Chemist: 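One structure, as structure tokens, below. Some questions next.
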Amino acid sequence: GCMPDIFAEGKSGLSAKLIHWQPDYEKYLRNLGNSGWGLALAPVIESEYTSHKTNIKFIEYSAFCIPGIYSHIGIYKQDIEDGVNGYLAANNYNSWYEKLQNAFLKRDTLSAIATRAFETVREKHSSRQAANKWKIILDEYRHTVSLSTQSSILWAKTQRIYFQKGGIELGKKILFK
């Protein structure tokens with residue numbers, strides 16, 4: 001992440017803390033849990049690259065009951081209801097300014113927003129939910145592999161039949177005389 005100069009230089013009159021990326025994920029989570037943050041920011045530009053990312057920042061912040069403002073893009077829209085369990089800001093100055101101002105003016109609501117975000121994560125992203133999603137994926141994979149295996153067996157049988165009837169095998173294609 002990065003911090004705007006106005007916060008880094010202390011010019012805003014607000015306290016801001018940046019937690020840098022850490023290769024030790026457990027240490028990162030401990031630092032996040034001990035951060036004392038009253039509000040987290042997760043700006044992300046919508047692009048082909050970010051469309052393949054996950055909403056991990058929402059999950060991490062919510063797990064520690066830290067309310068957040070997130071970019072109004074696909075990875076966050078699926079879980080966040082604006083003003084209910086987080087804030088969604090369009091990727092422009094005015095929207096982010098409005099959401100930040102709203103969060104600061106309505107600080108008394110941030111605790112309830114954080115609690116609802118925690119509940120959202122517990123309901124949608126718990127270990128049990130993850131296990132159910134993996135089961136669906138693995139069942140589909142098993143079905144696909146099963147069909148693929150059946151197709152391979154059928155293809156092998158077809159090749160043998162054609163060969164026995166006088167076909168000539170050339171590479172992987174069967175040609176007839």
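Please read these numbers as outputs of a predicted model, since none were measured by experiment. These numbers come from the heavy atoms of this one structure, side chains and all, not from hydrogens, waters or symmetry mates.
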Chemist: Side-chain heavy atoms nearer than 4.5 Å, only ILVMFWY residues, links allowed to pass through others: does that put Phe118 and Tyr87 together?
Modeler: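 Looking at the clustering, Tyr87 is in a separate group from Phe118.
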Chemist: Could you state whether Ile113 and Leu100 fall into the same hydrophobic cluster, counting links through intermediate Ile, Leu, Val, Met, Phe, Trp or Tyr residues with side-chain heavy atoms under 4.5 angstrom apart?
Modeler: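 Yes, Ile113 and Leu100 fall within the same hydrophobic cluster.
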Chemist: Minimum heavy-atom separation for Glu46 and Gly74, please, with both atom names.
Modeler: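 Distance-wise, the nearest heavy atoms are OE2-N, 3.6 Å.
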Chemist: I need the Tyr76 OH to Leu88 CG distance, nearest 0.5 Å.
Modeler: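 Answer rounded to 0.5 Å: 10.0 Å.
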Chemist: If you count the non-hydrogen atoms of other residues, nucleotides and ligands that lie under 6.0 Å from CD in Glu26, is the total more than 12?
Modeler: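 No, the 6.0 Å shell around CD holds no more than 12 heavy atoms from other groups.
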Chemist: Verify the cluster assignment for Tyr97 and Phe104: are they in a single hydrophobic cluster under the rule of side-chain heavy atoms below 4.5 Å apart?
Modeler: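 Not linked; separate clusters.
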Chemist: In Å, rounded to the nearest 0.5 Å, how long is the span from CD1 of Ile80 to OG of Ser62?
Modeler: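 One gets 7.0 Å once the value is rounded to the nearest 0.5 Å.
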Chemist: Would you compute the distance between atom NE2 of His125 and atom CD1 of Ile59 and round it to the nearest 0.5 angstrom?
Modeler: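 The NE2 atom of His125 sits 4.5 Å away from the CD1 atom of Ile59.
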Chemist: Are more than 12 heavy atoms from other residues, nucleotides or ligands located less than 6.0 Å from atom OH of Tyr25?
Modeler: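 Yes, OH of Tyr25 has more than 12 neighbouring heavy atoms, counting only those of other groups under 6.0 Å.
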Chemist: Grab the two heavy atoms, one from Ser95 and one from Ala90, that are nearest each other, plus how far apart they are.
Modeler: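 Heavy atoms only, the tightest pair is OG-N, 2.8 Å.
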Chemist: Is the shortest side-chain N to carboxylate O distance from Arg116 to Glu119 below 4.0 Å?
Modeler: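 No, this pair does not count.
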Chemist: Check whether the ring centres of Trp37 and Tyr61 lie less than 6.0 Å apart, and answer yes or no.
Modeler: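 Yes - the distance between ring centres of Trp37 and Tyr61 falls below the 6.0 Å cut-off.
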Chemist: Could you tell me whether a side-chain N or O of Thr115 sits under 3.5 Å from a main-chain N or O of Ser111, the two making a donor and an acceptor?
Modeler: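 The answer is yes, because a donor-acceptor pair under 3.5 Å joins these two groups.
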Chemist: With no hydrogens and no angle check, is any side-chain donor or acceptor of Asp79 less than 3.5 Å from a backbone partner on Thr120?
Modeler: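 Side chain of Asp79 to backbone of Thr120: no pair is present.
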Chemist: How long is the gap from CG on Asn92 to CD on Glu98, to the nearest 0.5 Å?
Modeler: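 Between Asn92 CG and Glu98 CD, I get 9.5 Å after rounding to 0.5 Å.
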Chemist: Is it true that a side-chain atom of Ser126 and a backbone atom of Gln129 form a donor plus acceptor pair closer than 3.5 Å?
Modeler: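 Between the backbone of Gln129 and the side chain of Ser126 there is a qualifying donor-acceptor contact (under 3.5 Å).
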Chemist: Just do the side-chain contact (heavy atoms from CB on, under 4.5 Å) check on Glu140 and Ile136 with the steps written out, would you?
Modeler: CA-CA 6 Å; Glu140 180 62 30; Ile136 291 167; 5.6 Å; no
Chemist: Donor-acceptor check, side chain of Thr50 to backbone of Lys53, threshold 3.5 angstrom: yes or no?
Modeler: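 Flag not set: sc Thr50 to bb Lys53 has no pair under 3.5 Å.
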Chemist: Of all the heavy-atom pairs spanning Phe64 and Leu29, show the shortest one and how long it is.
Modeler: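 Heavy-atom minimum between the residues: CZ-O, 3.4 Å.
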Chemist: Give the C-alpha distance, both sets of side-chain angles, the deciding distance and a yes or no for side-chain contact (heavy atoms from CB on, under 4.5 Å) between Ser71 and Trp96.
Modeler: CA-CA 9 Å; Ser71 287; Trp96 277 91; 3.6 Å; yes
Chemist: If you apply the rule side-chain contact (heavy atoms from CB on, under 4.5 Å), what do you find for Glu60 with Ile66, and how did you get there?
Modeler: CA-CA 9 Å; Glu60 291 169 344; Ile66 301 171; over 6 Å; no
Chemist: Test your reading of the model: is there a side-chain donor-acceptor pair from Asn91 to the backbone of Pro43, 3.5 Å cut-off?
Modeler: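 Between the backbone of Pro43 and the side chain of Asn91 there is no qualifying donor-acceptor contact (under 3.5 Å).
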Chemist: Could you give the distance from NE2 (His52) to CD1 (Ile75), rounded to the nearest 0.5 Å?
Modeler: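 So the NE2 of His52 and the CD1 of Ile75 are separated by 11.5 Å.
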Chemist: Assess whether atom NZ of Lys106 is packed by more than 12 heavy atoms of other residues, nucleotides or ligands within 6.0 Å.
Modeler: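 Counting neighbours around NZ of Lys106, 12 or fewer heavy atoms of other residues, nucleotides or ligands fall under 6.0 Å, so no.
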Chemist: Do Asn31 and Gln22 get their side chains close enough for a donor-acceptor pair, meaning under 3.5 Å?
Modeler: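 There is such a pair (donor and acceptor under 3.5 Å, judged by atom type) between the side chains of Asn31 and Gln22.
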Chemist: For atom CG of Leu105, is the number of surrounding heavy atoms from other residues, nucleotides or ligands below 6.0 Å larger than 12?
Modeler: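 It does: Leu105 CG has more than 12 such atoms within range.
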Chemist: Establish, yes or no, whether a centroid distance under 6.0 Å links the rings of Phe58 and Tyr70.
Modeler: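 Yes, close enough.
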Chemist: How many angstroms lie between atom NZ of Lys133 and atom NZ of Lys124, to the nearest 0.5 angstrom?
Modeler: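 Output value for this atom pair is 8.5 Å.
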Chemist: Taking Asn85 for the side chain and Glu81 for the main chain, is one N or O donor matched with an acceptor at less than 3.5 Å?
Modeler: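 The answer is yes, because a donor-acceptor pair under 3.5 Å joins these two groups.
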